[in-house]
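Encoded as structure tokens, the structure appears first; notes follow it.
Bear in mind that the values here come from a model prediction, so they are computed numbers and not experimental data. For the single chain, residues carry numbers from 1 onward in sequence order.
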Amino acid sequence: IVLALLDMSRFEPPPKDCPGFETEQAGKASACAGCPNQTICSTAPKGPDPDLVDIAARMELVKNKILVLSGKGGVGKSTFSAQLSHAFAHSGEANVGLMDVDICGPSIPRMLGLEGEELFQSGSGWQPVSVLDNLSVMSIGFLLNSTDDAVIWRGPKKNQLIKTFLKDVDWGELDYLVIDTPPGTSDEHLSLASYLKDAGGIDGAVIITSPQEIALMDVRKEINFCKKMNISVIGVVENMAGFVCPNCKKESQIFAPSTGGAEKMSQDMQIPFLGRIPLDPLIARACDEGKSYVADYPDSEATKQFKLVFEKITTSVRENKRVV
């Protein structure tokens with residue numbers, strides 16, 4: 001695909017019978033007559049995308065690539081990505097990268113305590129921002145003048161940024177690359193699957209949901225997306241699963257699992273269920289302050305559940321390596 005090689009600011013919607021931007025007939029077929037893109041298409045490079053070779057070369061140094069997905073926004077996907085990355089890094093045995101491709105809502109810099117950090121470029125590429133000696137992060141949030149700036153981009157521009165994060169960032173040797181994605185099944189997800197197909201593939205996806213049916217409806221779509229794209233689903237995590245009062249110790253279901261919750265859905269769709277993470281206000285505080293909840297509150301119930309889920313993910317990746 002050569003869309004990313006074109007100047008998209010000059011590109012208009014293609015005609016109905018467009019032969020395709022990457023074909024030899026691009027800009028030459030009868031359907032191209034009168035199309036405002038005719039000159040662009042006729043002069044653009046044809047054939048395989050040369051950037052895919054560079055992506056494959058960069059990803060050779062990454063052992064495991066894990067997508068963190070959610071069907072619905074606001075279920076704690078980025079929170080989970082941040083805590084998973086911290087957990088991998090604090091194990092002391094892994095070099096970890098966290099790539100934030102939630103381009104329109106980049107919250108990872110805040111959650112990792114990296115707001116205000118700047119990117120630097122060296123001869124080997126863009127340098128990800130370090131949280132620990134063995135944990136580094138890349139996000140469009142580092143490129144914005146203000147955290148309040150809106151990113152108003154169409155698909156092709158988003159795809160080009162994802163390419164840049166994959167091929168031009170000097171990730172170095174990584175045991176895990178955790179990729180935090182936006183909600184849904186859109187351009188970003190398709191691009192990742194496509195770009196990584198010939199770069200060792202995606203080793204699996206972890207899908208985050210909350211217990212209520214309105215969230216599970218979209219998770220089913222996310223699971224079917226993974227099946228169609230041949231992405232192995234490591235499992236489903238039910239976040240915000242109950243709240244235990246710190247005073248009376250009574251548990252309340254803030255988001256009631258009206259149809260059985262994530263566990264029943266996982267059984268119905270024959271997908272592994274990884275566990276439940278309870279609501280804890282300290283998780284939100286840790287993310288706001290850019291700290292590791294798991295490290296700061298090691299004895300909490302949520303940390304215990306986080307660790308159980310993380311162990312299952314690690315075991316799954318090691319035992320069930322799969323290429324897209």
query = Does a side-chain heavy-atom distance below 4.5 Å link Glu222 with Thr185?
reply = yes
message = Between the side chains of Asp268 and Lys264, is the shortest nitrogen-to-carboxylate-oxygen separation below 4.0 Å, so that they form an ion pair?
response = yes
task = Mind running side-chain hydrogen bond (donor to acceptor under 3.5 Å, both in side chains) on Thr259 and Glu213 for me, showing each step along the way?
result = CA-CA 6 Å; Thr259 58; Glu213 176 60 24; 2.5 Å; yes
Working for side-chain hydrogen bond (donor to acceptor under 3.5 Å, both in side chains), residues Tyr293 and Asp280 = CA-CA 10 Å; Tyr293 172 84; Asp280 186 339; 2.7 Å; yes
message = For a 4.5 angstrom cut-off between non-hydrogen side-chain atoms, does Val75 reach Asn239?
response = no
query = Under 4.5 Å between any side-chain heavy atoms of His90 and Ser292, yes or no?
reply = yes
query = Below 4.5 Å, heavy atoms only, C-beta onward: do Phe310 and Val206 meet side chain to side chain?
reply = no
message = Applying a strict under-4.5 Å side-chain criterion to I, L, V, M, F, W and Y, I'd like to know whether Leu143 and Ile103 cluster together.
response = yes
key: Pairwise distance NE2(His86) to CG(Leu135) - rounded to 0.5 angstrom   = 6.0 Å
request  = List the atom of Asp102, the atom of Pro182, and the distance in Å for their closest heavy-atom pair.
outcome  = OD1-CB, 3.5 Å
query = Ile277 and Leu279: same hydrophobic cluster, using ILVMFWY side-chain contacts below 4.5 Å?
reply = no
request  = Mind checking the CD1-CD spacing from Ile283 to Gln83? Nearest 0.5 Å is all I need.
outcome  = 7.5 Å
Donor-acceptor under 3.5 Å (Ser210 side chain, Gln212 main chain) = no
request  = State plainly whether one hydrophobic cluster holds both Leu144 and Ile108, where clusters connect Ile, Leu, Val, Met, Phe, Trp and Tyr through side-chain heavy atoms under 4.5 angstrom apart.
outcome  = yes
query = With side chains defined as the heavy atoms from C-beta onward, is the minimum distance between Asp170 and Arg58 less than 4.5 Å?
reply = yes
key: CA sep, side-chain torsions, deciding dist, call: Lys304, Lys307, side chain to side chain contact (heavy atoms under 4.5 Å, CB included)   = CA-CA 5 Å; Lys304 294 176 185 177; Lys307 288 183 176 179; over 6 Å; no
ask   = Do any N or O atoms from the side chain of Glu238 and from the backbone of Ala262 form a donor-acceptor pair under 3.5 angstrom?
value = yes
inquiry  = Do Pro211 and Arg276 have side chains that approach each other closer than 4.5 Å (heavy atoms only, starting at C-beta)?
reply    = no
request  = Give, for atom NE2 of His189 and atom CD1 of Ile179, the distance between the pair rounded to the nearest 0.5 Å.
outcome  = 10.5 Å
inquiry  = I'd like to know whether Leu161 forms a side chain to side chain contact (heavy atoms under 4.5 Å, CB included) with Trp153, so could you lay out the CA-CA distance, the side-chain angles of the two residues, the decisive distance to 0.1 Å, and finally the verdict.
reply    = CA-CA 11 Å; Leu161 182 70; Trp153 288 1; 3.9 Å; yes
key: Residue pair Glu173 / Asn95: nearest heavy atoms and the distance that separates them   = O-CB, 3.5 Å
Lys/Arg N to Asp/Glu carboxylate O, Arg285 vs Asp288, below 4.0 Å = no
key: Val96 versus Ala89, closest heavy-atom pair with distance   = CG2-N, 3.7 Å
query = Hey, what do you get for CD1 (Ile254) to CE (Met240), rounding to the nearest 0.5 Å?
reply = 11.5 Å
ask   = Considering only heavy atoms from C-beta outward, does the side chain of Met269 approach that of Val233 to under 4.5 Å?
value = no
ask   = Out of curiosity, Lys312 NZ to Phe273 CZ, how far, rounded to the nearest 0.5 Å?
value = 7.5 Å
key: N/O donor-acceptor pair under 3.5 Å between Ser139 side chain and Asp100 backbone   = no
request  = Kindly say whether Asp299 contributes a backbone atom to a donor-acceptor pair with the side chain of Thr303 at under 3.5 angstrom?
outcome  = no
query = Is there a path of hydrophobic side-chain contacts, each under 4.5 Å between heavy atoms of I, L, V, M, F, W or Y residues, that connects Leu308 with Ile66?
reply = no
All ring pair (Phe, Tyr, Trp, His ring centres under 6.0 Å) counterparts of Phe165, not counting sequence neighbours = none
Side chain to side chain contact (heavy atoms under 4.5 Å, CB included) between Asp180 and Phe80, intermediate numbers included = CA-CA 9 Å; Asp180 185 50; Phe80 185 87; over 6 Å; no
query = Of the non-hydrogen atoms in Gln305 and Pro278, which two are nearest, and what is the gap between them?
reply = CG-CD, 4.0 Å
inquiry  = Taking Lys163 first and then Asp51, would you say they form a salt bridge - that is, a charged N and a carboxylate O separated by under 4.0 Å?
reply    = yes
request  = Could you tell me whether the side chain of Asn224 and the main chain of Lys221 form a donor-acceptor pair under 3.5 Å?
outcome  = no
request  = Please answer whether the main-chain N or O of Glu188 pairs with a side-chain N or O of Ser191 as donor and acceptor at a distance below 3.5 Å.
outcome  = no
query = Atom NZ in Lys63, atom CG in Asp175: separation rounded to 0.5 Å?
reply = 4.5 Å
Phe243/Phe255 under ring pair (Phe, Tyr, Trp, His ring centres under 6.0 Å): CA gap, chis, key distance, verdict = CA-CA 9 Å; Phe243 170 72; Phe255 302 104; over 10 Å; no
message = Hydrophobic clusters here meaning ILVMFWY residues chained together by side-chain heavy-atom distances under 4.5 Å, can you tell me if Phe306 and Leu132 are in one?
response = yes
message = To check you understand the geometry: which heavy-atom pair defines the closest contact between Trp171 and Leu98, and what is its length?
response = CH2-O, 3.8 Å
ask   = Which pair of non-hydrogen atoms, one from Asp187 and one from Gly155, has the smallest distance, and what is that distance?
value = OD2-CA, 3.7 Å
task = Would you check if the side chain of Gln127 reaches a backbone N or O of Gly125 as a donor-acceptor pair within less than 3.5 Å?
result = yes
message = Is any side-chain heavy atom of Lys72 closer than 4.5 Å to one of Pro183?
response = no
message = Could you check whether any side-chain N or O of Ser194 sits under 3.5 Å from a backbone N or O of Leu190, counting only pairs where one atom can act as donor and the other as acceptor?
response = no
query = Yes or no on side chain to side chain contact (heavy atoms under 4.5 Å, CB included) for Met99 and Leu192, after CA distance, side-chain angles and deciding distance?
reply = CA-CA 11 Å; Met99 187 169 80; Leu192 285 166; 4.0 Å; yes
